[in-house]
Every structure is written in structure tokens, then in C-alpha cells.
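See below for the structure under consideration.
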Amino acid sequence: MVKDPFERVAIFGSGLLMTAFFVAIVVGAFGLGIRVPTCVTDVPPFDQPAVVEVAPGEYVVNMVAQMWLFNPREIRIPAGSRVTFNVVSKDVQHGVMIEGTNINLMAIPGVVNRAQARFDRPGEYLIVCHEYCGVGHHAMFAKLIVEPRAAGSQNPNPARTMASALACWIR
Ligand code: CUA
């Protein structure tokens, strides 16, 4: 049983304070709509990692690194494209290195790291994690495929079209 009047004041006082804090949180969250900051991978564009063509020959790759994969896992762009990589991490620190380029980034939780490169030479470029991130580290990779311009192009090279027509005709 509480005997000391000061003890009573202290108990009621702290109870009142706790109630006031609780009311402030409820009013802030539901009345004023205040939200605490979320993880960067939960908000656009990183909630849907993708390759986006922002202009002809100009691409942006919004890439999420996580144990133990990159998303997107495969990036396809036509040769001659300029690509900006925005890299974030969903969990621990990862690395992003693209072979044959000078792209060498860290994927760090809560931070967007950016680099740009131009891809003129068609082929397959390996993207590897080069920061130890756990038991699956060695298997963490993605691919960037640079496709030759003529393939799938809407404007076929007229000289080449003529040459293949001629080759058909001669046969
Ligand atoms: Cu991710 Cu090593």
C-alpha cells in the first residue's frame, strides 16, 4: 500500500506522463499522419528494381543488392547506351563491380550510390559482389548483356539489308 504522499505524487505523475506520450504518438500517427522513415528499399523506385529507358540510348538501372542476389539479375541494353546505376542494399553491405568497366560501387543500406558508364562493345558483362556478405557471397552475381544494335532494331541497316537481298538473289 502506498503511504508516502510524495510517492503517490510520483506514481500519478509518471502515469500521467506515460499517458500523455501515448496520446501524442497516437495523435501524431493517425491524426497528423506522421510516419517514421522507412527503409530505402521500400520506397520507389527501389521497391520495384528495374531497367528504365529514360531517353533513346539512355538507361537507368535501379538495382537492389541483398543476400545473395542482385535485382534485376539480368540487364539487357543495346550497344552504345549510356547507363546510370543506382545501387542500394536491402540488408548488409555488398559490392557491385562490373567487369570491363570502371564501375565499382558499394551497396550500403540506407544509401543510394550512383555510377554511369557507356557500353559500346556488345557482349556479356559479369556483375559481381566484391564485398564479403556471408556464406552465399561467392554466388552473388548478375549479368549485363549488351546487344548489337542491328538485332531487333526498327531501322535495319540499309546496306546490310541490300547485301542479304543480293546474297539471296545470287543463290
Ligand atoms: Cu553480396 Cu558479397
Side-chain angles (χ1 to χ4, degrees), residues 18 21-157 160 164:
M18 297 308 273
F21 288 157
F22 182 72
V23 169
I25 289 171
V26 170
V27 168
F30 299 103
L32 306 175
I34 295 170
R35 294 279 174 272
V36 291
T38 73
C39 186
V40 72
T41 51
D42 292 342
V43 294
F46 298 106
D47 55 340
Q48 284 174 324
V51 184
V52 185
E53 185 174 13
V54 289
E58 191 93 29
Y59 292 83
V60 170
V61 178
N62 296 315
M63 184 179 247
V64 173
Q66 66 188 92
M67 288 189 254
W68 288 281
L69 54 93
F70 291 106
N71 193 355
R73 301 196 93 158
E74 196 178 284
I75 299 161
R76 278 178 188 274
I77 48 151
S81 301
R82 197 160 59 161
V83 186
T84 304
F85 296 87
N86 295 322
V87 175
V88 296
S89 169
K90 207 168 194 163
D91 35 50
V92 300
Q93 197 158 310
H94 297 276
V96 181
M97 203 197 77
I98 307 179
E99 65 157 2
T101 72
N102 59 359
I103 291 194
N104 184 337
L105 290 171
M106 300 301 296
I108 301 167
V111 173
V112 181
N113 282 330
R114 177 171 297 155
Q116 201 174 61
R118 207 188 136 93
F119 293 89
D120 288 320
R121 185 172 50 86
E124 233 180 74
Y125 296 72
L126 194 62
I127 304 173
V128 292
C129 176
H130 65 312
E131 182 73 22
Y132 185 72
C133 55
V135 292
H137 163 69
H138 63 283
M140 186 168 166
F141 71 95
K143 269 191 296 191
L144 185 140
I145 297 157
V146 179
E147 292 169 329
R149 267 233 164 255
S153 170
Q154 286 171 339
N155 287 318
N157 183 342
R160 188 177 288 189
S164 58

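First listed ligand is number 1; within each ligand, the first listed atom is number 1.
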Would you say the side chain of Asn86 lies within less than 4.5 Å of the side chain of Phe46, judging by non-hydrogen atoms?
yes
Report yes or no: does His137 contribute a side-chain atom to a donor-acceptor pair with the main-chain N or O of Glu131 at less than 3.5 Å?
yes
Determine yes or no for a side-chain-to-main-chain donor-acceptor pair under 3.5 angstrom, with Asn71 supplying the side chain and Pro49 the backbone.
no
With carbon and hydrogen excluded and only N/O/S kept, which atom of His94 is nearest atom 1 (Cu) of ligand 1?
ND1
Restricting to N/O/S, name the atom of Glu131 that gets closest to atom 2 (Cu) of ligand 1.
O
Starting at OG of Ser89, measure out to CG of Asn113 and round the result to the nearest 0.5 Å.
10.5 Å
Cys133 near atom 2 (Cu) of ligand 1 via N/O/S, less than 2.8 Å
yes
Going by the side-chain contact (heavy atoms from CB on, under 4.5 Å) test, name the single residue among Thr101, Val60, Val61, Ile75 that passes it with Val83.
Val61
Just wondering, is there an N, O or S atom on Met140 that's nearer than 2.8 Å to atom 1 (Cu) of ligand 1?
yes
Indicate if the distance from atom 1 (Cu) of ligand 1 to the nearest N, O or S atom of His137 falls below 2.8 Å.
no
